[in-house]
Amino acid sequence: MVVYEQGEPIKIDCTHSFTTSEKFPTKEALLAWVREVCKRIGMVLMIAGSSDGDRGRRTPYVIVRCERGGHYVGKKVPGEDDQRPGQRSTGSKKCNCPFKLKGLKESKDNEKAEWKVDVYSGIHNHNLFENLHGHSYAGRLSKEQVSFVHTMKKAMVKPMAILRALKENDPSNVTGMKTIYNTISKLKFSELDGRSQLQSLFVKLKEDEYLSYHRSNELNAITDLFWIHPKCIKLAKSYPYVFVIDCTYKTNRYGLPFLEIVGFTCTNKTFSIAFAYLDHEKTEKFEWALRCLKEAMTSCHRPNCIVTDRDLALMKAVANVYPSSHHLLCRWHVNKNILTNCKKLFKKDITKWKQFQSAFSALIERNTIEEFNEDWESMKRTFIGYLPAIEY
């Protein structure tokens, strides 16, 4: 294949860029120099062949050619249209580019012998790249960079931040986001080691000494999974006063509700106690998870207070499993519901709405029943014209 431009074949001579009298101590050093020149002038080369001179048959060498050298040989039946039914529409960058370099070791018997570069053909029959960013071959990661990506990913660094760090370490790096995602995907696949994701999870839980409980259905498929770490149990024994329980959903690829149980230290810092994936947000499911918690913490005092949102199924499960614990509604959820359901009742008077918010915030801060009742009666008198908000 020959590319024409304005009736004439393209002919770009890069011989002068690769002509050098410099000698290189190793093949890797030679290839590194070639790649640096390629990045500077906007071309991509690949190794077409090499020999380490094993068995003493010949002098070690390496042949480097343009990535567009050679012919496309993808068709099984020459002459047939790729667009026929059942066939993919394919293409190729190959255009039989004649560019060719050869790196040769000066002596096969001397381990300290240096390498030199010979330009067999410095001609390209196609335009060079103006920008190599996003190129699949030029953007490949080195072994050190792959190791760096793995380390950053295990530290829970986001892919975009990993790419930014790579480019800060090496300004000439032309890697794109797709390469980062592919590297992370390969890492995840290698970590599975032939196991399913669920099998891998159980292995991780066992390795990190977690206590875990699970239930299966009649098809032997796991429906519910609960896990807790001994260190979390120890921390909960020290601070068994307040537990916060909340269930989130649509936060994982399987759409399973995720239950998290959190405790508070004496300095008002939170710590995680236990986690569970549940099949549904039903009372029976919540009861099972709480009974697992109770079994894992047999030597721990019952929590004095359990805080939840107004999930009726969860509230019922808490009452069944921990009947002696006080139950409170989460202030954040209460305020959120007030904002959603009451603000629209004050849309003609924003100033009054702000006063209502301020009065309600002061009300829930009261420490005694007497103070609460006194402020509540005052609030009802102040906002008598907004009865729906008071009733809510």
Side-chain angles (χ1 to χ4, degrees), residues 1-22 24 27-51 60-84 87-105 115-143 145-146 163 166-167 170-183:
M1 173 182 177
V2 179
V3 180
Y4 290 88
E5 185 175 19
Q6 297 179 352
E8 295 294 331
I10 294 176
K11 185 178 180 181
I12 300 177
D13 191 351
C14 297
T15 304
H16 64 284
S17 298
F18 294 93
T19 301
T20 178
S21 58
E22 183 180 355
F24 304 91
K27 180 177 72 174
E28 289 71 24
L30 183 149
L31 292 174
W33 177 83
V34 170
R35 292 191 183 102
E36 284 300 318
V37 176
C38 289
K39 286 182 180 180
R40 189 171 64 249
I41 64 177
M43 59 182 291
V44 180
L45 300 182
M46 56 193 303
I47 297 175
S50 65
S51 172
Y61 70 92
V62 58
I63 295 174
V64 182
R65 304 200 64 169
C66 175
E67 65 159 352
R68 301 186 69 177
H71 292 284
Y72 176 55
V73 292
K75 290 185 179 180
K76 294 183 178 180
V77 183
E80 290 194 13
D81 184 13
D82 278 344
Q83 299 288 347
R84 65 186 186 275
Q87 297 293 321
R88 291 180 59 189
S89 177
T90 59
S92 173
K93 293 184 289 187
K94 301 290 186 182
C95 61
N96 200 26
C97 179
F99 185 91
K100 181 180 178 182
L101 301 177
K102 185 173 184 180
L104 190 67
K105 193 174 183 180
W115 289 69
K116 64 178 182 177
V117 179
D118 292 328
V119 182
Y120 276 41
S121 174
I123 304 298
H124 288 279
N125 63 358
H126 57 87
N127 289 319
L128 302 182
F129 293 98
E130 294 183 5
N131 193 332
L132 291 174
H133 284 278
H135 192 286
S136 58
Y137 193 85
R140 292 184 308 166
L141 299 176
S142 65
K143 290 183 179 179
Q145 289 172 332
V146 170
L163 179 61
L166 283 173
K167 292 185 179 293
D170 180 11
S172 64
N173 189 298
V174 293
T175 301
M177 280 302 303
K178 186 175 181 180
T179 302
I180 302 298
Y181 283 126
N182 289 344
T183 304

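The figures here come from the full heavy-atom set of this structure, side chains too, leaving out hydrogens, waters and symmetry mates.
- Taking CD1 from I47 and CG from L31, the interatomic distance works out to 5.0 Å, rounded to the nearest 0.5 Å.
- Here the straight-line distance linking atom CZ of F99 with atom CD of E67 works out to 12.5 Å at 0.5 Å rounding.
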Going through the checks in order, is the side chain to side chain contact (heavy atoms under 4.5 Å, CB included) test met by C66 and H126? CA-CA 10 Å; C66 175; H126 57 87; 3.3 Å; yes
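- Residues passing the salt bridge (Lys or Arg N to Asp or Glu O under 4.0 Å) test with K27 are D52, sequence neighbours excluded.
- Without hydrogens or angle criteria, K105 side chain to K116 main chain gives no donor-acceptor distance under 3.5 Å.
- Across every non-hydrogen atom of F18 and V117, the tightest pair is O-CG1, 4.1 Å.
- The side chain to side chain donor-acceptor pair (under 3.5 Å) check on S50 picks up nothing, with sequence neighbours excluded.
- For N182, the side chain to side chain contact (heavy atoms under 4.5 Å, CB included) partners two or more places apart in sequence, or in a different chain, are K178.
- Taking S142 as the reference, E144, Q145 meet the side chain to side chain contact (heavy atoms under 4.5 Å, CB included) condition, with sequence neighbours excluded.
- When all heavy atoms of C95 and N125 are compared, the closest pair comes out as O-ND2, 2.9 Å.
- Remark: D118 pairs with no residue by the side chain to side chain donor-acceptor pair (under 3.5 Å) rule, at least two apart or across chains.
- The two residues L128 and I12 have their closest heavy-atom pair at N-CD1, 4.1 Å.
- Summarising the geometry, atom CD1 belonging to I10 is positioned 12.0 Å from atom NE2 belonging to H124; distances are rounded to the nearest 0.5 Å.
- R68 contributes atom CZ, which lies 13.0 Å from atom CG of L45 (distance to the nearest 0.5 angstrom).
- Shortest non-hydrogen contact noted between A48 and R65 is CB-CG, 3.6 Å.
- Applying the side chain to side chain contact (heavy atoms under 4.5 Å, CB included) rule to E22 yields the partners T20, F24, W33; only residues at least two apart in sequence or on another chain are considered.
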